[in-house]
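Numbering of residues begins at 1 and proceeds along the displayed sequence. Atom set for the values below is all heavy atoms of this structure, side chains included, hydrogens, waters and symmetry mates excluded. Every number for a ligand or one of its atoms is a count from 1 in the order of the listing. What you see is a predicted model, and the numbers here were worked out from it, not measured in a lab.
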Amino acid sequence: MASLGQIIFWSIISIIIILAGAIALIIGFGISGRHSITVTTLTSAGNIGEDGILSCTFEPDIKLSDIVIQWLKEGVIGLVHEFKEGKDDLSDQDEMFRGRTAVFADQVIGGNASLRLKNVQLSDAGTYKCYIITSKGKGNANLEYKTGAFSIPEVNVDYNASSESLRCEAPRWFPQPTVVWASQVDQGANFSEVSNTSFELNSENVTMKVVSVLYNVTINNTYSCMIENNIAKATGDIKVTDSEIKRRSHLQLLNSKASLGVSSFFAISWVLLPLSPYLMLK
Ligand SMILES: *[C@@H]1O[C@H](CO)[C@@H](O)[C@H](O)[C@H]1NC(C)=O
Ligand SMILES: *[C@@H]1O[C@H](CO)[C@@H](O)[C@H](O)[C@H]1NC(C)=O
Ligand SMILES: *[C@@H]1O[C@H](CO)[C@@H](O)[C@H](O)[C@H]1NC(C)=O
Ligand SMILES: *[C@@H]1O[C@H](CO)[C@@H](O)[C@H](O)[C@H]1NC(C)=O
Ligand SMILES: *[C@@H]1O[C@H](CO)[C@@H](O)[C@H](O)[C@H]1NC(C)=O
Ligand SMILES: *[C@@H]1O[C@H](CO)[C@@H](O)[C@H](O)[C@H]1NC(C)=O
Ligand SMILES: *[C@@H]1O[C@H](CO)[C@@H](O)[C@H](O)[C@H]1NC(C)=O
């Protein structure tokens, strides 16, 4: 039978072994240095011809000189962008991205590795990798970038038409969207027989202008023109009463990961237009 002394002795030995193991593990990490750090990207969409942002954040590091940011694109041999030792290093940059990329250099220290992409092209769509090295370790995350064209529609009374009509116009969409009209009074009504939608190719031969006319509309009703493709959904609302025209519109980017649901809203409040001067203009 073990004496009390033996139990205490072996307990102390065990504690020493456990502590030594823990210390060795900590030192081991210290020497090998690099464990993984958290890198987070946000799926987004680019509007052709405009500037876009590929969003990426990482656990911040206090030493800027130790931070390396590499942006890569699947199927592209060169780098999209590289930032290290506090500045851009574009020696390995792929031709396709020359002069079109920038990181927010003053935000890197705070863990912002987002990339600004100038003049977004249809061909910029694809899988990107945001790869980060800091003094704490390294990590990466992928980002699915979609490109297309989307714009806010404007709905107006179509004074040219023979019947009371509304005209919904949006300057740039790609791929070709669907256009659906709805009204507050006749909810669930199908307006496809009393509307006419056309798509007109813009001069760069990619994006198209969307025009949809809704015939035989009634006063005191709110009509919505909804334009949607796989990238964005936009709505233009109009209400014509005896004394005024009210309009509003918004645009929402559709995320492939529905749970994240990033959306941008523009002009969510009603815009009041006095009716009479508006009519006099025409
Ligand atoms: C990174 O910085 C840019 C420029 O200030 C900003 O627009 C962007 O929202 C930032 N991204 C994140 C994820 O904080
Ligand atoms: C309305 O009529 C004017 C003049 O007749 C014409 O210039 C304009 O293109 C027409 N607008 C529409 C939307 O048909
Ligand atoms: C509306 O009716 C048209 C045919 O008249 C049909 O093709 C379309 O699918 C209908 N839309 C809805 C939303 O029911
Ligand atoms: C609009 O209403 C008029 C009169 O009720 C009708 O003759 C015409 O066919 C309607 N137009 C459409 C596009 O339904
Ligand atoms: C629809 O609009 C197009 C172009 O504006 C026009 O050519 C066509 O005749 C219209 N169709 C109907 C059914 O109104
Ligand atoms: C668009 O297509 C037309 C006809 O196919 C062509 O004449 C024109 O040069 C093209 N424009 C551009 C910017 O590619
Ligand atoms: C529209 O609504 C106003 C106020 O609610 C009412 O005075 C007017 O008579 C209505 N007009 C029509 C055509 O229903």
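Under a 4.0 Å criterion applied to the non-hydrogen atoms of E193, ligand 3 contributes the atoms 4 (C), 5 (O). Near N190, meaning under 4.0 Å from any of its heavy atoms, are these atoms of ligand 3: 1 (C), 2 (O), 3 (C), 8 (C), 10 (C), 11 (N), 12 (C), 14 (O). Taking every non-hydrogen atom of S192 and a distance limit under 4.0 Å, the qualifying atoms of ligand 3 come out as 1 (C), 2 (O), 3 (C), 4 (C), 5 (O). Interface atoms of ligand 1 facing N112, defined by a heavy-atom separation under 4.0 Å, are 1 (C), 2 (O), 3 (C), 8 (C), 10 (C), 11 (N), 12 (C), 14 (O).
Closest of all the heavy-atom pairs between T38 and T40 is CG2-OG1, 4.0 Å. For the pair C130 and T41, the tightest heavy-atom approach, listed with the atom from each and the gap, is CB-CG2, 4.0 Å.
Between the side chains of S224 and D237, at least one donor N or O lies within less than 3.5 Å of an accepting N or O. A donor atom on one side chain and an acceptor atom on the other are not found under 3.5 Å apart for N142 and E144. A donor and an acceptor atom, one from each side chain of T207 and N202, are located under 3.5 Å apart.
Considering backbone and side-chain N/O of T57, none are found under 3.5 Å from N/O of ligand 1. Residue-to-ligand polar distances keep S55 apart from ligand 1: every N/O pair is separated by 3.5 Å or more.
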N/O donor to acceptor pairs below 3.5 angstrom from side-chain atoms of residues 71-80, sequence neighbours left out:
| residue | atom | partner | partner atom | Å |
| --- | --- | --- | --- | --- |
| W71 | NE1 | A113 | O | 2.9 |
| K73 | NZ | S123 | O | 3.1 |
| K73 | NZ | A125 | O | 3.1 |

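Between V194 and W181 there is no side-chain heavy-atom pair separated by less than 4.5 Å.
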Short N or O separations between ligand 7 and the protein, below 3.5 Å:
| residue | atom | partner | partner atom | Å |
| --- | --- | --- | --- | --- |
| ligand 7 | 2 (O) | N220 | OD1 | 3.3 |
| ligand 7 | 2 (O) | N220 | ND2 | 2.2 |
| ligand 7 | 11 (N) | N220 | ND2 | 3.0 |
| ligand 7 | 14 (O) | N220 | ND2 | 3.3 |

Step by step, work out the side chain to side chain donor-acceptor pair (under 3.5 Å) result for D61 and S135. CA-CA 7 Å; D61 190 331; S135 58; 2.6 Å; yes
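Within the model, atoms OG of S114 and CD1 of I69 stand 9.0 Å from one another, a figure rounded to the nearest 0.5 Å.
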